[in-house]
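Single-structure report; data block below.
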Amino acid sequence: MDEQALLGLNPNADSDFRQRALAYFEQLKISPDAWQVCAEALAQKTYSDDHVKFFCFQVLEHQVKYKYSELSTAQQQLIRETLLSWLQAQMQNPQPEKTFIRNKAAQVFALLFVTEYLTKWPKFFFDILSVVDLNPRGVDLYLRILMAIDSELVDRDVVHTSEEARRNTLIKDTMREQCIPNLVESWYQILHNYQYTNSEVLCQCLEVVGAYVSWIDLSLIANDRFINMLLGHMSVEVLREEACDCLFEIVNKGMDPVDKMKLVESLCQVLQTAGFFSIDQEEDLDFVARFSKLLLVHEDDDISSNIIGFCYDYLHILKQLPVLSDQQKANVEAIMLAVMKKLTYDEEYNFENEGEDEAMFVEYRKQLKLLLDRLAQVSPELVLASVRRVFSATLQNWQTTRFMEVEVAVRLLYMLAEALPVSHGAHFSGDVSKASALQDMMRTLVTSGVSSYQHTSVTLEFFETVVRYEKFFTVEPQHIPCVLMAFLDHRGLWHSSAKVRSRTAYLFSRFVKSLNKQMNPYIEEILNRIQDLLALSPPENGYQSLLSSDDQLFIYETAGALIVNSEYPAENKQALMKDLLTPLMERFKVLLEKLMMAQDEERQASLADSLNHAVGFASRTSKAFSNKQTVKQCGCSQVYLDCLQTFLPALSCPLQKDVLRSGVRTFLHRMIICLEEEVLPFIPSASEHMLKDCEAKDLQEFIPLINQITAKFKMQVSPFLQQMFMPLLHAIFEVLLRPAEDNDQSAALEKQMLRRSYFAFLQTVTGSGMSEVIANQGAENVERVLVTVIQGAVDYPDPIAQKTCFIILSKLVELWGGKDGPVGFADFVYKHIVPACFLAPLKQTFDLADAQTVLALSECAVTLKTIHLKRGPECVQYLQQEYLPSLQVAPEIIQEFCQALQQPDAKVFKNYLKVFFQRAKP
């Protein structure tokens, strides 16, 4: 592409460059093959500049819109594949594309859809959904594509020719027959899965439902499950306006008047039961305006008049004003006070046994929090001043104030962090008046003694707030000791409430890690005070420790972080880490002996859990190590090697194998990262034990460990791999060959997953330059392994495994397929690998409309190209004179195939191969 012309795409470019860019665009529109350059640039991510990417989509858009019929079948296929590849790449991109690029991409997809759906791409939506799954970026693009398609099909502002109008009608009819129920199900799944996590995606999805409801079967949407979900969304401030619009479109759908009346009446009954007609004066007026639009279609004047009275969006209007009057400020403060009042717990709230009523209040608090955020957008100064006044007045007399008022005062300070957002928690720099107010409130919080208030809600809110504003302690570090003491006494980790202890364990870990640079003076004191909390709970005598094992994980992580991040010399760190982990190891040995002798199964399970916790605790202490603070640099290698020595005997325990193996395996994964090559001496015996008496699930979980070792250490572990290669394969084959009931779906799935793991292992070995591990297993074993790969490529309808098998085959051909390769391998290539490349895609189960299968076919193409690269004209001759004629392929097609194979551009052959098999299949 003309790089100089592309510079003119930048909005800041001078007029000469912009003129050149416009001329270049016109030139590319005329050029017969320029679109291919743009397609490749998008698929290969050649350009990072957003304007160039947009430009490439514009060229593609022009090609699809005006010149698509001029393209060959292979070229049209290339456009489809380019768009799907681009869509697939969006799942892995670290940052989403800019909105204008996503919208343009959606328009190109929509144009291709209306062109191809009725003839060449009936599985358009299924292909898109198989790529995006429930990935949020993918869902965003899927919804944009749907809106763009709706715009192409039904937008009345777009002028269509009579031919286009007929085509659009036919497309809609075909969609109703073939895919609308599936699309509706996908919308429901999106609304359900993202209802608490992604309001932006939810709003997009509601917009799609509202758009499509006008021309699809209403019963797919106007049913209990959809309406109930929409009602739920109407209770969430960020969603309810879109939910209202969606309901409006449902009610507004053209239908028989009697049916319309029944629908409106039933919907109004549901809304009334749900309490949506009882609108408070503090309601968000944007919502009320949309809600009124929905309800004004009802014939009942009383309902209309009730709604119209609230159709005045007070906060929205105030937000538009440059300055607020005194009265307006007073009104904002009045709403603010109402929010504070509604945030307050009532006397009936049951903190120890929270039920449905309590859960509903928690949800209601979340909505009030959104309203507070909205108030802060209108007048941040007033919100800050209001909170400060209430907070100061309450904290001044906290000893004589009811718990719910103290809790709400601290809660408001906590909520300010999101209502007045800053980047990276920098609340105590920048805006001086705001920073000063927050600093004053935090100083009051930590010096007032309110952490001693005798109510769990106040205690928890205190700890949540000091952790949220941890940057305060870098500004005023003199307050760290008193907060640490609160964490470490009866107010925190030793509190009488298990709920407080549990939450405090997590918050304490966050507090210490976020302030690790300030912790050095307190490390030994903290480690002494948490000593009792580190004890491994004995699974006997009904003893209940202060913390659950999950809570203890945070304490161990905290202890590890304190030691690793300290300024102590390596020998001190080593001594402290040894003191931390030695009691764990000693207890582990004792419990393992008890397990070996235990008769009662319940007792065995209890002991195994304790042993597993011990391993988990040791593993958690290693989380603090990093590239800057490695285990070696901290002098802690020997301590963790001792842990390995202690834990590995558990693998030979015949009891509770699943639990013990799982724990030790996880620890080994961690130690491979932390100890690097020092872990290698332990791997052979650990592997030997893990391969004994194993099930499909054990092997599935063991293979990633071997893959990790192989990929990380490569030639260093070659002797070990050569030794354990066949024992591992025998264990895998033995499990795969076990008979199972025909209708046992679970067993079939386990075998499929194990087969994938097996092929992933072979891929790791061959891809890490370790092919000699396979070559040295003896001719008979090598052939057996190769045959299993051929079977995986051809016999099992699993495109993920098939893709892996072709990757393995192409790698082996690359390594062994030359003139100096192993004896007999060239024969194997022609007898087995070449046929596999044809037999697999010719199977009926090889669905070329499926995205995963297309990826498998792509690797199949790579395999054939690699064979040609290594064997040269001999390969072409074999295909021309022997193999393809044996498949009854016509001579002209054979010639065409061989020409495509010899093309230097691999992409040309990949595209051709797909067309070849599409033609070959009935």
Side-chain angles (χ1 to χ4, degrees), residues 703 707 710-711 725 729 732-733 736 755-777 779-843 845-846 852-872 874-876 878-879 882-884 887 897 900-901 906 909-910 912-914 916-917:
I703 289 169
N707 290 349
T710 305
F725 187 83
L729 265 60
I732 293 169
F733 297 158
L736 288 176
R755 211 174 279 115
R756 284 184 188 176
S757 297
Y758 163 59
F759 294 132
F761 167 60
L762 294 181
Q763 184 190 346
T764 304
V765 171
T766 54
S768 300
M770 312 276 282
S771 59
E772 79 281 356
V773 168
I774 301 174
N776 293 343
Q777 299 302 318
E780 195 178 316
N781 285 332
V782 171
E783 185 172 0
R784 188 179 179 189
V785 171
L786 292 175
V787 168
T788 63
V789 180
I790 297 293
Q791 287 172 335
V794 178
D795 294 345
Y796 301 108
D798 177 3
I800 292 172
Q802 288 175 295
K803 181 182 86 168
T804 309
C805 289
F806 281 119
I807 291 170
I808 297 164
L809 291 171
S810 60
K811 190 68 186 174
L812 289 175
V813 171
E814 180 193 323
L815 295 167
W816 297 349
K819 306 295 182 192
D820 54 352
V823 177
F825 187 72
D827 283 347
F828 188 87
V829 169
Y830 291 125
K831 282 183 186 172
H832 298 286
I833 299 181
V834 169
C837 293
F838 290 89
L839 296 176
L842 285 169
K843 290 213 166 212
T845 51
F846 200 88
Q852 285 293 345
T853 306
V854 170
L855 294 174
L857 183 66
S858 179
E859 294 303 334
C860 171
V862 172
T863 305
L864 283 167
K865 285 289 287 181
T866 309
I867 294 169
H868 175 250
L869 180 72
K870 301 302 286 189
R871 305 305 302 180
E874 171 194 288
C875 164
V876 178
Y878 174 74
L879 288 168
E882 294 184 45
Y883 189 71
L884 289 175
L887 295 179
F897 183 94
L901 178 62
F909 180 63
K910 282 184 187 179
Y912 172 79
L913 197 64
K914 187 170 182 184
F916 175 84
F917 285 115

Could you tell me the separation between the [atom1] atom of [X] and the [atom2] atom of [Y], rounded to the nearest 0.5 Å?
| X | Y | atom1 | atom2 | answer |
| --- | --- | --- | --- | --- |
| E814 | L869 | CD | CG | 8.5 Å |
| Q777 | L729 | CD | CG | 8.0 Å |
| E783 | H832 | CD | NE2 | 6.0 Å |
| L864 | L879 | CG | CG | 7.0 Å |
| S858 | F909 | OG | CZ | 10.5 Å |
| Q763 | S768 | CD | OG | 9.5 Å |

Check [X] against [Y] and note the closest heavy-atom contact, atom names and distance.
| X | Y | answer |
| --- | --- | --- |
| G769 | E772 | O-OE1, 3.6 Å |
| V876 | H868 | CG2-CD2, 3.5 Å |
| I867 | C875 | CG2-SG, 3.8 Å |
| A836 | P841 | O-CD, 3.9 Å |
| L913 | C860 | CD2-SG, 4.2 Å |
| A840 | A793 | CB-O, 3.2 Å |

Item to check | Parallel, tilted or perpendicular, as decided by the 30° and 60° cut-offs, for the rings of Y912 and F916 | outcome: tilted
Would you say that [X] contacts [Y] through its side chain, given a criterion of any heavy-atom pair below 4.5 Å between the two side chains?
| X | Y | answer |
| --- | --- | --- |
| K811 | I807 | no |
| Y878 | R871 | no |
| F725 | N776 | no |
| V862 | F806 | no |
| F846 | L842 | no |
| V834 | T863 | no |
| W816 | I774 | yes |
| K910 | L857 | no |

Item to check | L884/F838 under side chain to side chain contact (heavy atoms under 4.5 Å, CB included): CA gap, chis, key distance, verdict | outcome: CA-CA 9 Å; L884 289 175; F838 290 89; 3.6 Å; yes
Checklist entry - Would D798 and R755 pass as an ion pair if we require N to O under 4.0 Å? => result no
Checklist entry - Is the distance between the ring centroids of F897 and Y883 under 6.0 Å? => result no
Give a yes or no answer on whether the side chain of [X] reaches the backbone of [Y] with a donor-acceptor pair at less than 3.5 Å.
| X | Y | result |
| --- | --- | --- |
| K914 | V854 | no |
| K870 | G818 | no |
| T766 | L762 | yes |
| E859 | L855 | no |

Checklist entry - Going through the distances and angles, do I833 and L812 end up as a side chain to side chain contact (heavy atoms under 4.5 Å, CB included)? => result CA-CA 10 Å; I833 299 181; L812 289 175; 5.9 Å; no
Checklist entry - What do the steps show when you test I732 against I703 for side chain to side chain contact (heavy atoms under 4.5 Å, CB included), and what is the final call? => result CA-CA 10 Å; I732 293 169; I703 289 169; 3.8 Å; yes
Next on the checklist: Show, in sequence, the C-alpha distance, side-chain angles and deciding distance for Y758 and T788, and conclude whether the side-chain hydrogen bond (donor to acceptor under 3.5 Å, both in side chains) test is met.
Outcome noted: CA-CA 10 Å; Y758 163 59; T788 63; 2.7 Å; yes
Item to check | Partner of F828 under side-chain contact (heavy atoms from CB on, under 4.5 Å), chosen from V813, V782, L786 | outcome: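 Of the listed options, the one satisfying the test is L786.
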Checklist entry - Hey, mind stepping through Y830 and E874 against side-chain hydrogen bond (donor to acceptor under 3.5 Å, both in side chains) and telling me if it holds? => result CA-CA 10 Å; Y830 291 125; E874 171 194 288; 2.5 Å; yes
Checklist entry - Do F759 and I800 pass the side chain to side chain contact (heavy atoms under 4.5 Å, CB included) test, and can you show the C-alpha distance, the side-chain angles, and the key distance before you say yes or no? => result CA-CA 10 Å; F759 294 132; I800 292 172; over 6 Å; no
